[in-house]
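Being a predicted model, the structure only gives us computed values, none of them experimental.
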Amino acid sequence: MNDNLIVLGPSYQLHVGVHGSLLEQPPPGIRFLQRRAQTHFSFALGSSASPCSQLNLGEQVSFEALPDPYTPAHLSRTCYAGAGPWVIDADCLLGTLQFGRFFPLGSIDQIRAGVIDTKLLLRRQRAVAEQLGAPRCRAILLRTERARQRFIQHLQELYGDSAFAEALAAKTRVITPALPYLPANKNGANSAPIHILYAGRTFHDKGGAVAIAVLGALRRRYGERLQASFVGECPAAFQPACAAAGIHRLDTTSRAAFRELLAQSDIFLSPTRFESFGMGLLEAAAAGAIVVTAQGNGMEHVPELFQAGEHAILISNDLPLTQRIAEYTQAIAALIDQPEQAARLRGNCAALLQNGRLSLQARDKALTPIYADMLDTAERLRNTATPPQNTRAEPDLHYLNWPEELCYWESARHTGPQALRIRV
């Protein structure tokens, strides 16, 4: 037995908010390892050797310098090539099933245009599903019930009401990410200034234009009593409006500096068009900021996290643009003018993160039996004394291995400061 060790990776796939919390606050008795990874791709013969330009038929990772071959693995958005038991987690596994990490980086136009080889796409999905259905894959972890239901529905479209689809669905679990509740001292009644923070890596996806309009209107109404910060991409056409309204703008910032901004913020404004989960919302709530964000189209899962009017302010994405801007503005004005409402929301959210469904205790209660099963399975595998077997190569495929450094480099080369996001 290796002292309840679980390898967490690959590092280039780890969402710093989700998995950073796991590393900093592991479930009781668990120790996470991080090891250098290799990613293994398979391609149809005659296709490109670059995962960024050609849809591959599945990627798997392996890790170097593990304590033993059967060390359990908690993987983010990818399957496992190692001999030990594993679980896979993702905000939405449809991306993993259909495209993987790298193909969207170099081929987003093909995906949007719908010109992907449908036979190749079907073959990839079935190949990845078979890996997920293997006995060593002990669980499929989704972050919301909506994501779980979408994954199950897609499986049924692929396989119908088959035993295989039912077996895969039975492996799914909802594990909602959690963070410790660590609020700084926030403003009380009628105190000044009130700090409002917007953050979004991609301007249009994250509702940057709506945020600038709302922050501008609030600055005109409250003047120096309100301080507004805008973190993220801001096209040149919108920068004069930020400057005129006195909005403090940062294109990028370090994670430590961003956490400091969160700690200083009373309200976190996120009029985003969609989120696969919305870790930024959870981080803001954990810092004691009141979350003002979207629901409805593209944000259907948000009521699973926050109850409207009880834990957060939620504005419908289905409203016309001008009405959305007006409602965001009015909702934040009400928080400023009615500090008792702000205090109630903040207190309710504190309970949600300290003792409720977004608490570390709730996360650990869900994860602990899954990890226990992995550790027990690893011990059984060790006791069989059967050497790990290499996966048999298929004759109509060719294979490519990328070291971790190349995975990082390709990700950075294709995205630069602006991450690509696609909806599947």
Side-chain angles (χ1 to χ4, degrees), residues 8 13-15 17-19 21-22 27 73-80 85-101 124-126 128-179 272 274-282 294-307 311 314 352 356-374 421-424:
L8 181 67
Q13 288 275 40
L14 298 186
H15 186 300
V18 176
H19 302 106
S21 175
L22 276 173
H74 180 148
L75 303 170
S76 177
R77 300 185 180 96
T78 191
C79 297
Y80 195 36
W86 53 283
V87 297
I88 182 172
D89 84 44
D91 37 21
C92 175
L93 268 174
L94 297 186
T96 297
L97 199 66
Q98 294 177 301
F99 302 115
R101 161 70 175 169
R124 176 197 161 83
Q125 292 181 81
R126 290 184 179 274
V128 174
E130 287 176 9
Q131 294 174 57
L132 298 176
R136 286 186 302 107
C137 177
R138 306 305 296 174
I140 300 167
L141 312 182
L142 287 305
R143 295 173 191 162
T144 65
E145 180 60 27
R146 175 173 172 77
R148 191 180 82 89
Q149 291 300 329
R150 290 183 67 208
F151 180 67
I152 291 172
Q153 180 182 356
H154 192 76
L155 290 175
Q156 291 172 340
E157 292 169 358
L158 280 176
Y159 294 101
D161 294 326
S162 66
F164 181 71
E166 290 180 3
L168 273 186
K171 283 189 174 185
T172 59
R173 305 286 187 275
V174 174
I175 306 291
T176 305
L179 294 167
T272 178
F274 71 91
E275 294 280 0
S276 49
F277 172 71
M279 197 62 192
L281 307 177
L282 186 56
Q295 63 178 337
N297 183 35
M299 297 289 282
E300 294 90 346
H301 67 287
V302 168
E304 291 186 44
L305 310 179
F306 305 107
Q307 185 178 345
H311 309 110
L314 305 182
L352 190 67
R357 63 179 178 276
L358 299 185
S359 66
L360 290 168
Q361 296 96 313
R363 182 204 69 181
D364 293 346
K365 182 178 179 180
L367 267 179
T368 296
I370 295 169
Y371 283 170
D373 171 74
M374 273 210 299
R421 295 288 303 277
I422 63 168
R423 294 184 70 182
V424 295

Can you confirm whether [X] sits close enough to [Y] that some side-chain heavy atom of one is under 4.5 Å from a side-chain heavy atom of the other?
X: Leu22; Y: Arg363; result: yes
X: Phe277; Y: Thr176; result: yes
X: Tyr371; Y: His74; result: yes
X: Met299; Y: Thr272; result: yes
X: Ile175; Y: Ile370; result: yes
X: Lys171; Y: Leu132; result: no
X: Cys79; Y: Trp86; result: yes

Non-hydrogen atoms of [X] and [Y] that approach each other most closely:
X: Arg150; Y: Cys92; value: NH1-SG, 4.0 Å
X: Pro303; Y: Gln295; value: CG-OE1, 4.2 Å
X: Thr172; Y: Ala169; value: OG1-O, 2.6 Å
X: Arg138; Y: Pro135; value: NH1-O, 2.9 Å
X: Pro177; Y: Val18; value: CG-CG2, 4.0 Å
X: Tyr159; Y: Ala165; value: CB-CB, 4.0 Å

Side-chain H-bond candidate by donor/acceptor type, Gln153 with Gln149, under 3.5 Å
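The answer is no; no qualifying pair exists.
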
So does [Y] get a backbone contact from the side chain of [X], meaning a donor-acceptor N/O pair under 3.5 Å?
X: Arg357; Y: Leu352; answer: no
X: Thr368; Y: Lys365; answer: no
X: Glu304; Y: Glu145; answer: yes
X: Ser21; Y: Ala178; answer: yes
X: Arg126; Y: Leu158; answer: yes
X: Arg124; Y: Gln98; answer: yes

Starting at [atom1] of [X], measure out to [atom2] of [Y] and round the result to the nearest 0.5 Å.
X: Arg143; Y: His15; atom1: CZ; atom2: NE2; result: 7.0 Å
X: Met279; Y: His19; atom1: CE; atom2: NE2; result: 9.5 Å
X: Leu305; Y: Leu282; atom1: CG; atom2: CG; result: 7.5 Å
X: Gln13; Y: Arg77; atom1: CD; atom2: CZ; result: 6.0 Å
X: Gln131; Y: Thr96; atom1: CD; atom2: OG1; result: 11.0 Å
X: Phe151; Y: Ile140; atom1: CZ; atom2: CD1; result: 4.5 Å

